[in-house]
Amino acid sequence: MKNYRLHFIRHGMTDANRRGAYAGRRTNVELSPQGIRELISLKEEYSYPPVDAVFCSPLTRCIQTAGVLYPQAELQVLPSLAEIDFGDFDGRTIGELQDREDFRRWMANSLREAPPGGESMEEFSRRVALGLSSILAWVMQNDAQDTAIVTHGGVIRAVLTSMALPRLAPGQLLVGNGRGYTCFATPQLWMRDHIIEVAGIMPHGASDAAALNAEFAAAMERFTAILDQEAE
């Protein structure tokens, strides 16, 4: 049974990531100098496997990341691989938003609730699913054994949550900059169930895919605890 390998890679760090701010579809920022250094370090220490094709989000931070990791590749840019649209929350931190009622409603039910002017998780996941379907159609038509998909943490999380087995623990879904997962796509399984299989961590040789900005992770944990207390 033939397997195609899809290597999902989150873009390198930006200043918005460093600040712990929401950086979505509207935030077309560049990689920070630290982010570029970290990508080069990851590439030197671990392995980003050779690929037959590179698909990429249209946002600058992903295009730059693909340029560092796969400098010889001709990118295939897909708008469907862009990060979720955070609407009015874009560019702001949890600390700046936590007292807003619309932010609290969104955090309590982000699956169906959209940020003002943004996308709900349902809308976002449908967009990502269409993008992955188009990638796999190309991969199978061209018999591309290895394909890199350079995108955003939210996109990778949407794929792993609804289109990949085995189901990962919540902490494993929060992918660090320059990191991600290798997945196997079997034509029969994809065409029948729209499921791919998680096979390993990107870059290969790394022990963890979930290296997150500590400031953002701590802020998210504090705010989630506040919501949990209010729900009791």
Side-chain angles (χ1 to χ4, degrees), residues 7-46 48 56-71 75 81-100 103-104 106-107 110 115 117-119 121 124 128 148-160 170-181 201-203 206-227:
H7 308 288
F8 292 89
I9 305 167
R10 186 187 177 197
H11 62 80
M13 181 175 284
T14 68
D15 284 335
N17 297 148
R18 181 187 54 77
R19 293 191 301 110
Y22 286 102
R25 194 175 188 174
R26 303 181 182 201
T27 305
N28 196 18
V29 294
E30 297 186 352
L31 297 180
S32 66
Q34 177 188 352
I36 294 172
R37 288 194 298 270
E38 286 180 348
L39 286 175
I40 293 171
S41 177
L42 284 169
K43 188 176 180 180
E44 290 175 346
E45 186 172 0
Y46 304 113
Y48 292 91
C56 190
S57 159
L59 298 183
T60 299
R61 55 195 183 269
C62 291
I63 292 173
Q64 289 178 319
T65 297
V68 172
L69 300 181
Y70 295 101
L75 304 185
L81 292 177
E83 182 61 286
I84 190 171
D85 189 340
F86 289 116
D88 290 353
F89 302 156
D90 202 281
R92 304 185 185 187
T93 66
I94 291 176
E96 293 168 339
L97 294 166
Q98 61 184 356
D99 294 330
R100 288 179 52 160
F103 180 70
R104 289 171 174 266
W106 176 64
M107 286 293 293
S110 60
E119 291 177 293
M121 281 302 301
F124 174 57
V128 171
I149 301 172
V150 183
T151 184
H152 307 267
V155 172
I156 297 173
R157 188 159 58 250
V159 170
L160 296 176
Q172 294 174 297
L173 298 174
L174 301 174
V175 178
N177 296 106
R179 297 170 183 261
Y181 288 94
I201 290 166
M202 282 291 291
S207 60
D208 188 8
L212 277 180
N213 176 275
E215 183 178 347
F216 180 78
M220 179 66 79
E221 186 175 339
R222 289 194 301 270
F223 187 68
T224 302
I226 292 171
L227 288 180

Quiz prompt | Donor-acceptor contact present, side-chain Arg10 to main-chain Val175, <3.5 Å | solution = yes

Note: Ile9 and Ala148 closest approach over all heavy atoms is CD1-CB, 4.5 Å

Could you tell me whether a side-chain N or O of Arg104 sits under 3.5 Å from a main-chain N or O of Gln98, the two making a donor and an acceptor? yes

Checklist line | Any donor-acceptor pair under 3.5 Å from Ser32 side chain to Asp15 backbone | finding: no

Shortest non-hydrogen pair, Ala66 vs Cys56, comes out as CB-SG, 4.3 Å

Side chain to side chain, Ile84 and Arg25, heavy atoms closer than 4.5 Å
no

Here the gap from Glu30 atom CD to Ile63 atom CD1, rounded to the nearest 0.5 Å, amounts to 11.0 Å

The reported gap from OG in Ser41 to CD1 in Ile36 (rounded to nearest 0.5 angstrom) is 13.5 Å

Worksheet item: Between Met107 and Leu97, is any pair of side-chain heavy atoms under 4.5 Å apart?
Response: no

Report yes if the side chains of His11 and Leu59 come closer than 4.5 Å at any heavy-atom pair, otherwise no.
-> no

Under a plain distance cut-off of 3.5 Å, with no hydrogens placed, do His152 and Ser57 share a side-chain donor-acceptor pair? yes

Rounded to the nearest 0.5 Å, the CD atom of Glu45 sits from the CD1 atom of Ile40 at a distance of 14.0 Å

The reported gap from CD in Gln172 to CD1 in Ile201 (rounded to nearest 0.5 angstrom) is 7.5 Å

Arg61 and Gly24 have their tightest heavy-atom pair at NH2-O, 3.0 Å

**Study point:** Check: Gly91 main-chain N/O paired with Arg19 side-chain donor or acceptor under 3.5 Å
**Key:** yes

query: Do the ring planes of Phe89 and Trp106 sit parallel (below 30°), tilted (30 to 60°) or perpendicular (above 60°)?
result: tilted

Ala206 and Tyr46 have their tightest heavy-atom pair at N-CD2, 3.5 Å

>> Using modelled atom types and a 3.5 Å cut-off, is there a donor and acceptor pairing between side-chain atoms of Ser110 and backbone atoms of Met121?
In response: no

Of all heavy-atom pairs linking Ala16 and Ala23, the shortest is CB-CB, 4.0 Å

CG of Leu174 to CZ of Arg179, rounded to nearest 0.5 Å, is 13.5 Å

State whether the side chain of Glu83 and the backbone N or O of Gly154 hold a donor-acceptor pair below 3.5 Å, judged by distance alone.
yes

Side chain of Asn28, backbone of Thr60: donor and acceptor closer than 3.5 Å? yes

Taking every heavy atom of Thr151 against every heavy atom of Ile156, the minimum-distance pair comes out as CG2-CG1, 3.8 Å

Between the CG atom in Leu69 and the CG atom in Leu39, the distance rounded to the nearest 0.5 Å is 5.5 Å

Next on the checklist: Between Glu119 (side chain only) and Asp85 (backbone N and O only), is there a donor and an acceptor less than 3.5 Å apart?
Outcome noted: yes

Are any of the side-chain heavy atoms of Val155 and Phe8 separated by less than 4.5 Å? no

Between Tyr22 and Phe86, what is the ring plane arrangement, given parallel below 30°, perpendicular above 60°, and tilted in between? tilted

